[in-house]
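To start, the structure under review is shown below, and the notes come after it.
Hydrogens, waters and symmetry mates are skipped; everything else that's a heavy atom, side chains included, is used.
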There are 2 protein chains.
Amino acid sequence: MTAKSNASSSSSTRRGRKNDPESVQADILAVATREFSEKGLSGARIDEIAEKTRASKRMIYYYFKDKETLYLHTLEAAYQKVRLQEAELQLNHLAPLEALSRLVRFTFCHHAKNPDFIRLVMIENIHHGRYLAQSKLIQSLNAGVIDALTNVYNRGVEEGCFREGLDPRELHWLISALSFFNVSNQHTFSRIFDWKQAAPENQRKLEDHVTDMVMRYVLPDDTAMANP
Amino acid sequence: MTAKSNASSSSSTRRGRKNDPESVQADILAVATREFSEKGLSGARIDEIAEKTRASKRMIYYYFKDKETLYLHTLEAAYQKVRLQEAELQLNHLAPLEALSRLVRFTFCHHAKNPDFIRLVMIENIHHGRYLAQSKLIQSLNAGVIDALTNVYNRGVEEGCFREGLDPRELHWLISALSFFNVSNQHTFSRIFDWKQAAPENQRKLEDHVTDMVMRYVLPDDTAMANP
DNA sequence: ACAACAATGTACGAAATGGTACGTTCAGTC
DNA sequence: GACTGAACGTACCATTTCGTACATTGTTGT
């Protein structure tokens with residue numbers, strides 16, 4: 001909530017005052033994230049966001065001029081948070097096999113633990129990625145992911161533990177698809193096939209199987225699988 | 001509540017009349033499908049659906065009492081259409097390997113060709129599957145998919161071309177995930193990674209790779225891949 | 001033919017909703 | 001302590017949007 005006390009300049013001078021713009025903005029953004037991810041851009045109501053904020057509706061339009069602008073900021077903040085977490089993964093000093101399996105498990109768990117982010121991306125896709133396209137910020141954030149994966153894959157090919165000829169971007173696509181679908185379609189899938197997909201034991205199984213799928217895809221054809 | 005209609009018997013006797021309830025309903029449903037899949041339940045506007053229909057708004061409430069009820073009928077119709085197409089697949093007389101790869105390619109292409117359906121399912125997941133849960137119809141439609149896949153898988157295990165111990169439901173999950181994600185996240189993925197995912201050549205590649213992924217997952221550990 | 005009911009058009013109402021006008025308080029500056 | 005601009009509260013407006021009341025036309029059974 002108020003976790004964002006201003007980093008450098010103003011925090012020292014603005015101590016102990018009643019007006020607290022940074023915290024108000026952060027609060028609005030947090031509430032907006034919940035509301036937009038829950039109900040979508042058109043489903044979310046500014047009045048409801050205002051009510052759940054300790055600020056007033058007036059403040060929403062004061063800091064974020066539009067409903068759409070607020071949504072865009074929400075989306076940007078969500079991506080930023082994800083990439084920050086991803087950056088903490090240090091894959092370079094791990095063996096390729098280990099690094100890849102770790103990346104897969106990280107992605108799977110991360111998505112599972114952040115349904116808000118997944119839902120925002122779903123919603124953004126419903127809007128044809130129109131808002132994401134407006135954001136220079138998000139574009140720049142995502143280059144690193146592919147770079148890291150390319151590095152791991154190339155090392156793996158050199159060491160002979162990955163097969164050649166795969167596109168790292170498609171590998172990322174595969175990992176994303178499985179981890180994303182696990183969250184995005186949980187409701188319909190569970191209901192249709194009467195399967196408690198969200199149950200911890202099933203989530204653990206799925207995590208193992210997803211890791212297995214990816215590893216089997218990149219392993220050379222003559223390699224037998226070792227069970228973890 | 002109005003979805004009843006003896007399609008064949010009445011259409012012959014009612015030819016050339018001015019009132020045409022069945023066609024009006026079908027028209028409304030078609031327009032509603034486009035609108036809901038494009039803008040979501042809360043984003044779609046009844047007035048806009050009415051304008052694009054040859055009928056009037058009054059008729060929408062006459063045949064489908066609510067916005068929500070209309071949405072539910074839309075969802076049901078979409079699922080029905082899918083399952084009808086799926087039923088045309090005759091996998092029983094094919095060898096397991098051939099049958100599975102055919103099922104994967106069918107699912108992938110089908111989803112790619114029916115973005116409206118995919119988007120409706122996305123939207124329904126945004127709503128936590130609340131409406132799908134109300135529909136007895138959809139629940140009953142989907143049993144067959146798993147049955148067919150179970151049959152293929154069991155035959156494959158018996159013949160030794162599939163490995164043992166896999167859950168057909170998870171296999172279906174895998175196929176769905178890859179085929180679904182290909183459509184659902186096309187916009188964000190394309191924009192972020194600057195990759196024309198929708199381009200026919202990339203779609204063909206992805207279809208091959210997805211098929212490859214599934215086959216590699218079910219193949220016994222000691223089987224080498226043959227390139228198609 | 002005519003009652004009875006199904007199908008349709010028109011106009012309108014009430015609530016919700018995005019957004020703003022206007023006034024007030026706070027905090028740093030001189 | 002007065003001044004200024006940023007930060008905030010309240011009340012309100014204009015439109016949109018779902019839904020309905022009422023009137024009218026078509027269709028069918030007897």
Side-chain angles (χ1 to χ4, degrees), chain A residues 1-2 4-6 9-29 31-32 35-36 38-74 127 131, chain B residues 1-7 9-29 31-32 35-36 38-74 127 131:
Chain A
M1 318 193 140
T2 60
K4 184 179 184 172
S5 65
N6 189 312
S9 60
S10 53
S11 69
S12 50
T13 56
R14 286 182 185 172
R15 261 194 48 228
R17 72 179 196 182
K18 263 186 178 176
N19 284 1
D20 193 352
E22 274 106 24
S23 134
V24 167
Q25 288 180 58
D27 188 34
I28 291 174
L29 212 61
V31 175
E35 286 295 305
F36 281 128
E38 187 62 24
K39 317 196 183 161
L41 171 53
S42 45
R45 301 293 164 221
I46 292 284
D47 288 279
E48 211 172 325
I49 294 176
E51 272 176 27
K52 295 183 181 172
T53 306
R54 103 178 82 81
S56 68
K57 181 161 73 158
R58 176 71 182 75
M59 286 295 94
I60 295 174
Y61 290 99
Y62 184 66
Y63 287 118
F64 314 88
K65 58 185 279 255
D66 259 342
K67 192 188 188 186
E68 299 197 353
T69 305
L70 176 60
Y71 167 75
L72 180 55
H73 280 251
T74 299
H127 292 283
Y131 298 90
Chain B
M1 307 269 145
T2 56
K4 56 40 210 328
S5 67
N6 29 358
S9 66
S10 56
S11 67
S12 51
T13 55
R14 286 180 185 172
R15 264 195 57 227
R17 72 177 195 183
K18 264 185 176 176
N19 284 0
D20 194 351
E22 274 107 24
S23 132
V24 167
Q25 288 179 59
D27 189 34
I28 291 175
L29 213 60
V31 176
E35 286 295 306
F36 280 128
E38 187 61 25
K39 317 194 183 163
L41 171 54
S42 44
R45 301 291 163 223
I46 293 283
D47 289 278
E48 210 172 327
I49 295 175
E51 272 175 28
K52 294 182 180 172
T53 307
R54 103 177 82 81
S56 68
K57 182 161 71 156
R58 176 70 182 75
M59 287 294 95
I60 295 174
Y61 289 98
Y62 185 66
Y63 287 119
F64 314 87
K65 59 182 277 252
D66 257 343
K67 191 188 188 187
E68 300 198 353
T69 306
L70 176 59
Y71 167 77
L72 180 56
H73 280 251
T74 298
H127 293 283
Y131 297 90

Next on the checklist: At less than 4.0 Å, is any side-chain N or O atom of A:Ser56 found next to OP1 or OP2 of D:dC8? Yes or no.
Outcome noted: no

Item to check | Any B:Tyr63 side-chain nitrogen or oxygen under 4.0 Å from OP1 or OP2 of C:dT8 | outcome: yes

Checklist entry - What integer distance in Å separates B:Phe64:CZ from C:dT8:P? => result 12 Å

Checklist entry - Rounded to the nearest Å, what distance is computed from the CD1 atom of residue B:Ile60 to the C1' atom of nucleotide D:dT17? => result 13 Å

Checklist entry - What residues, two or more places apart in sequence or in another chain, satisfy side chain to side chain donor-acceptor pair (under 3.5 Å) together with A:Lys57? => result A:Asp47

Checklist entry - B:Tyr62 OH to C:dA6 P: how many Å, rounded? => result 6 Å

Item to check | side chain to side chain donor-acceptor pair (under 3.5 Å) partners for A:Tyr131, two or more places apart | outcome: A:Glu68

Checklist entry - Could you give the CD-to-C1' distance, from A:Glu22 to D:dC8, as a whole number of Å? => result 15 Å

Checklist entry - In whole angstrom, what separates B:Met59's CE from D:dT20's C1'? => result 13 Å

Checklist entry - Listed by chain and number, what are the side chain to side chain donor-acceptor pair (under 3.5 Å) partners of B:Glu38, not counting sequence neighbours? => result A:His128

Checklist entry - Reading nucleotides 14-23 of chain C from the 5' end, what letters show protein touch, with B for base, S for backbone sugar-phosphate only, - for no heavy atom under 4.0 Å? => result ---SBBBBB-

Item to check | Any A:Phe64 side-chain heavy atom under 4.5 Å of A:Leu72 side chain | outcome: no

Next on the checklist: Which residues pass the side chain to side chain donor-acceptor pair (under 3.5 Å) test with B:Arg54, not counting sequence neighbours?
Outcome noted: B:Ser23

Next on the checklist: Suppose we screen for salt bridge (Lys or Arg N to Asp or Glu O under 4.0 Å). Which residues come up paired with B:Glu51, at least two apart in sequence or across chains?
Outcome noted: none

